[in-house]
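To start, the structure under review is shown below, and the notes come after it.
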Amino acid sequence: MSYIRCHKCDQHAAMRMKHHRLNLCAEHYIEYIQKQTLRSIKKYRMFTHSERVLVAVSGGKDSLALWDVLLTLGYQADGFYIDLGIDEGLGYSSKSRMMAEQFAQSKGARLTVIDFAGEYGLTIGELAKRTRRGTDKPCSVCGIAKRHTMNAVTQRGDYDVIATGHNLDDEAAVLFSNTLRWDTDMMMRQSPVLEAHHGMPRKVKPFFRFYERETAAYALLRGIDYIQDECPFAEGSRTIELKHLLNQLEDQSAGSKLNFYMNYLKAQEQKFFNRDKDEATRANLNRCLQCGQPTTAEGLCGFCRLLAQSQR
Ligand code: Q46
Ligand code: ZN
Ligand code: ZN
């Protein structure tokens with residue numbers, strides 16, 4: 001029987017990557033993902049082996065696969081998980097927390113778990129309700145809260161950099177959304193590396209060149225147990241709609257997503273946009289009177305305002 005062979009060793013190919021015209025067996029595929037990640041880290045100067053990295057872990061495939069790769073490559077990578085208390089329906093938070101904890105244990109790696117309700121006295125859902133920001137979905141509040149908590153943990157733990165598991169599908173969907181609105185401020189800020197500022201650590205996305213199916217295949221082939229369900233509030237979101245549209249494009253023409261995003265980064269490098277304006281905005285940021293994180297507001301940052309509102 002004929003089968004598709006690995007380009008490196010002639011074994012049965014476990015993964016076909018049409019956009020790269022590359023088929024690889026399990027062993028060579030794992031090696032490929034690890035090597036390519038190392039390449040991105042070095043090319044974009046994300047971090048070095050002497051820096052301490054905090055991996056934002058959700059319990060899903062991307063973040064656990066990223067943590068696995070960084071540990072394999074010998075980086076000082078600790079994990080960080082926020083228990084948002086989203087347990088409506090199928091117990092999303094409890095399950096994802098369990099996956100993160102199991103992975104950390106199996107690797108003997110350090111995981112910091114922040115129980116949001118324990119830390120701030122209310123769940124994300126309650127915060128959204130009390131501040132009337134999202135009657136059916138707490139996503140806008142959740143985004144602010146996650147960013148804030150992540151910054152706080154990084155400062156507390158003295159980490160140099162935060163790494164997230166965003167993949168190409170995520171990045172292309174955000175770029176697509178910003179392009180549809182022609183939101184140049186947001187577009188300008190989109191990058192695999194956001195430099196440190198105002199005491200906030202650098203933020204990096206070492207998986208930005210991998211398709212979602214590629215990170216899923218890596219997790220599977222490495223035997224990583226991850227939560228397959230999305231957060232129940234993700235259903236029907238605009239990002240998911242845009243991902244479907246991009247998938248249709250990709251089906252018709254392999255490599256569309258990769259070209260869309262990578263060529264955008266090239267345009268950015270060629271100073272397609274005015275970076276001075278963004279730097280001026282950053283230079284004029286204030287510090288929150290409550291927590292000290294940077295904010296465009298005077299007085300309290302968005303998160304501390306939310307908390308204050310919720311306590312009224
Ligand atoms: S924002 Fe919204 Fe996500 Fe928060 S409430 Fe769930 S879907 S987890 S990426
Ligand atoms: Zn092979
Ligand atoms: Zn604040």
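Given the structure is predicted, the values throughout are model-derived calculations rather than measurements. Numbering of ligands and ligand atoms starts at 1, following listing order.
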I'd like to know if [X] and [Y] make a salt bridge, using a cut-off of under 4.0 Å between side-chain N and carboxylate O.
| X | Y | result |
| --- | --- | --- |
| Lys107 | Asp68 | yes |
| Asp83 | Arg97 | yes |
| Glu212 | Lys61 | yes |
| Asp158 | Arg52 | no |
| Glu51 | Arg202 | yes |
| Arg238 | Glu241 | yes |

| Protein N, O or S within less than 2.8 Å of atom 4 (Fe) of ligand 1, waters excluded | Cys142 SG
| Short side-chain to backbone donor-acceptor contact, Asn259 and Ser256, under 3.5 Å | no
| field | Flag, side chain of Glu31 to backbone of His28, donor-acceptor distance under 3.5 Å | value | no
| said: Please confirm whether the ring centroid of Tyr120 lies under 6.0 Å from the ring centroid of Phe116. | reply: yes
| request: Could you tally the protein N/O/S atoms lying less than 2.8 Å away from the Zn ion (ligand 2)? | output: 4
| Is the Zn ion (ligand 3) less than 2.8 Å from at least one N/O/S atom of Cys288? | yes
| remark: Only residue of Thr184, Asp183, Thr179 satisfying side-chain contact (heavy atoms from CB on, under 4.5 Å) with Arg181 is Asp183
| field | SG (Cys301) - the Zn ion (ligand 3) - SG (Cys291) angle, nearest 10° | value | 120°
